[in-house]
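Indexing begins at 1, ligand by ligand and atom by atom, following the structure's order.
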Amino acid sequence: MSAALTNYDAYWMPFTANRDFKKKPRVITGASGHYYTASDGSKLYDTFSGLWTSGLGHCHPKIVEAVQQQVASLDYCMTFQVTNDKAVALADRVTSMAPDEFTQCFFTNSGSESVDTALKIALGYHRARGEGNRTRLIGRERGYHGVNFGGMSVGGMVPNRKVFSANLIPGVDHIRHTLDLEHTAFTRGQPEWGAHLADDLERLCALHDGSNIAAVIVEPVAGSTGVLPPPVGYLERLREICDKHGILLIFDEVIAAFGRLARPFGAQRFGVIPDIITTAKGLTNGVIPMGAVLVRDSVYDAFMQGPEHMIELFHGYTYSGHPVAAAAGLATMDVYDEEGTFEQAGALEQHFEDLLHSFADHKHVIDVRNFGLMGAIEMAPREGAPGARGGEAHKKCFWDANLVIRNGMDTLQFSPFLNSNPDEMQKSFEDIRRVLDTIE
Ligand code: PXG
Ligand code: PLP
C-alpha cells in the first residue's frame with residue numbers, strides 16, 4: 001500500500017473526467033502478469049494490456065532485469081553527436097523485423113512524437129528532392145495520431161480538435177472514415193463494404209493537384225476511435241493512388257505493430273507496404289516510454305545529400321534513443337522471439353472474435369468489431385447522456401467485477417494480452433456481460 005494517497009488536488013489527469021474521478025479514485029499500485037493490484041489490495045484483470053501497450057503482461061521478468069541492469073550501468077547519454085550501444089542495437093533489431101525496404105529507425109518517446117516526426121520526415125523528403133511544393137498532408141476522419149499539433153491536425157477525433165480548431169496546422173485535408181453501421185454492423189474482421197472510400201484520396205488529388213500532396217497518414221486498423229478494420233481492398237487502393245501521384249503513405253502503427261495483428265507490423269499482415277511506419281507502445285511493452293519511426297531506404301537516401309559534415313534533419317528529442325528505453329526494447333524483442341508471442345496472438349484471434357460477437361444479442365449493443373487482437377463493442381448512447389453508459393460500465397467493472405476495461409464514450413475497447421490465457425479471457429467477457437446487464 002502506498003503511503004501518501006490522501007491529496008489528489010495537484011494531479012491533473014490526462015483524458016479523464018478529473019472531478020468525477022477524484023470523488024472516488026481508482027488507483028493502481030502494483031501489477032504482475034495479467035493482473036493489477038489496486039490501492040485497496042484487490043486484484044484486477046487487465047482487459048486492455050495497459051493502454052494497448054503491454055502485450056506480454058506486466059512486469060515481465062526479462063524486461064525488468066534488462067532495465068535494472070541498464071539503469072545501473074548507463075543511465076543516460078545524449079544521442080546528438082554521440083550515442084549508446086543499446087539504441088544502435090535496437091534500430092538494427094527493429095528494422096530487421098520490418099519489410100525489407102525499411103532500413104532506417106528514428107527514435108522518439110511516444111506515439112505522438114513518432115507521428116510528428118513522420119510528418120516532418122515526409123515534408124523534408126519532398127523538399128530534399130526538389131518538390132518543396134508538396135506540403136499538403138492528408139489524414140482521415142476519426143483517425144487518432146496523438147495529441148501534438150501535427151498529429152492532432154491530421155487526426156480526426158472531433159473532441160481532441162475542437163478547442164484548437166483555429167490553431168491546427170494549415171494545408172491538411174481528411175478522407176472519410178470507413179464505418180457505416182448500415183453496411184458493416186457486426187462484421188467479423190474486415191468488412192467487404194467500403195474500399196471505394198479510398199477514392200476520396202483521388203478526389204483530393206483532383207482538387208489540389210496530386211503534385212501538392214506530401215503524405216497520407218492512416219492507422220491500418222483505426223484503434224482509438226473504437227476499432228475500425230479496413231474494408232477489404234481499401235489499403236491496397238490507398239497505396240495505388242499514392243503511387244500514382246508520388247505521395248508518401250504513412251501507416252500509424254502505434255497500436256498495430258509488435259504483435260497485435262499477429263505480425264511484427266500491420267503492413268505485413270495486410271501485405272500493403274507504406275513508406276513510413278510509426279510505432280510506440282509495444283516497442284518496450286510499455287515499460288519505458290519510447291517510440292520509433294521506421295523509414296524506407298529511398299526516403300532516407302533523399303536526405304543524405306550535401307556536405308557530409310552537415311546535419312541532414314534538424315529534428316530530435318533529448319530522450320531519443322534513451323539507453324534504458326532501448327534496453328527495455330531489446331529485451332521486449334527477445335521475449336517476442338523466445339516465447340513465440342506473435343504466433344500466440346494469432347492463435348487467440350478466433351476465441352477473442354467469438355467472445356466479442358457473443359455480445360451481438362445484448363440489448364445495449366449496436367455493433368461489434370474486431371481484427372487481430374483489437375476489438376470493440378459499441379453500445380447505443382443513453383438518451384440525452386452520450387458516454388454515460390460506457391463510463392458506468394468502466395466504473396462498475398472496476399468496483400464490482402475486478403476488471404479494468406477501457407471505454408471511449410459508449411464503445412468498449414479491448415486489447416487482450418498477446419499471451420492471454422483463453423479461460424481468463426473468457427471469464428473477463430462473462431463478467432463484463434454481467435455488468436452490462438445491470439446497466440440501464
Ligand atoms: N497514433 C496512434 C495510432 C495511437 O493509437 C498515438 C498515435 C499517440 O501515442 P501516445 O504515446 O503519444 O499516446 C496513439 C495512442 C485508446 C487510446 O483509448 C489510444 C491511444 C492513446 C490514448 C487512448 O484507444 N493511442
Ligand atoms: N524546451 C526547452 C526549454 C528545452 O531546452 C528543450 C530541450 O532541450 C525542450 C523544450 C524539448 O525537450 P525534449 O527534447 O525533451 O522534447
Test: E378 and R369 ion pair at under 4.0 Å = yes
Per-atom filter on ligand 1: closer than 4.0 angstrom to a heavy atom of S110 are 11 (O), 12 (O)
Going by the 4.0 angstrom heavy-atom rule, the piece of V147 near ligand 1 is neither
At what distance, to the nearest 0.5 angstrom, does CZ of R260 lie from CZ of F265?
-> 15.0 Å
Structural part of S112 in contact with ligand 1, heavy atom criterion under 4.0 angstrom | both
Kindly confirm or rule out a cation-pi arrangement of R433 over F359, judged by NZ or CZ under 6.0 Å from the six-membered ring centre and within 45° of its axis?
-> yes
Could you give me the CA-CA distance, side-chain angles and deciding distance for D116 and K120, then say whether salt bridge (charged side-chain N to carboxylate O under 4.0 Å, His left out) is met?
-> CA-CA 6 Å; D116 278 43; K120 288 171 79 170; over 6 Å; no
Examine ligand 1 and decide if any of its atoms is less than 4.0 Å from a heavy atom belonging to E253.
-> no
N/O separation below 3.5 Å, E219 to ligand 1 = no
What protein heavy atom is closest to atom 19 (C) of ligand 1, reported as residue, atom name and distance in Å?
-> S224 OG, 3.3 Å
Hey, is R269 close enough to E349 for a salt bridge, meaning N to O under 4.0 Å?
-> yes
With H34, the side-chain hydrogen bond (donor to acceptor under 3.5 Å, both in side chains) member among T47, N421, N419, D46 | N419
Evaluate the side-chain hydrogen bond (donor to acceptor under 3.5 Å, both in side chains) criterion for residues H174 and D200: first the C-alpha distance (whole Å), next the side-chain angles of each, then the deciding distance (0.1 Å), finally the verdict.
-> CA-CA 9 Å; H174 292 74; D200 280 10; over 6 Å; no
Contact partition for E113 relative to ligand 1, non-hydrogen atoms under 4.0 Å | neither
Numbering the atoms of ligand 1 from 1, which are under 4.0 Å from a heavy atom of D252?
-> 1 (N), 2 (C), 3 (C), 7 (C)
Check each atom of ligand 1 against the heavy atoms of W52 and keep those under 4.0 Å away; list them by number with element.
-> 16 (C), 17 (C), 19 (C), 24 (O)
Decide side-chain hydrogen bond (donor to acceptor under 3.5 Å, both in side chains) for H245 and E202; before the verdict, give the C-alpha distance in whole Å, the side-chain angles of both, and the deciding distance to 0.1 Å.
-> CA-CA 9 Å; H245 294 281; E202 192 69 82; 2.7 Å; yes
Numbered in order shown, the ligand 1 atoms found under 4.0 Å of a heavy atom of H145 are 1 (N), 7 (C)
Indicate yes or no for a side-chain donor-acceptor contact from T53 to the backbone of L51 under 3.5 Å, with no hydrogens or angles considered.
-> yes
Report the part of Y144 (side chain from C-beta onward, or backbone N, CA, C, O) that has a heavy atom under 4.0 Å from ligand 1; answer both or neither where that applies.
-> both
Who's the nearest protein heavy-atom neighbour of atom 20 (C) of ligand 1, and how far?
-> K281 NZ, 3.4 Å
Counting from 1 in the order shown, the ligand 1 atoms closer than 4.0 Å to a non-hydrogen atom of L51 are 16 (C), 17 (C), 19 (C), 20 (C), 21 (C), 22 (C), 23 (C)
For G111, atoms of ligand 1 separated by under 4.0 Å from a heavy atom = 8 (C), 9 (O), 10 (P), 11 (O), 12 (O)
I255: numbered ligand 1 atoms lying under 4.0 Å from its heavy atoms | 5 (O)
Can we say E240 and R237 salt-bridge, meaning some charged N sits less than 4.0 Å from an Asp/Glu carboxylate O?
-> yes
Atom 18 (O) of ligand 1: the protein heavy-atom neighbour that sits closest, reported with distance to 0.1 Å = R406 NE, 2.6 Å
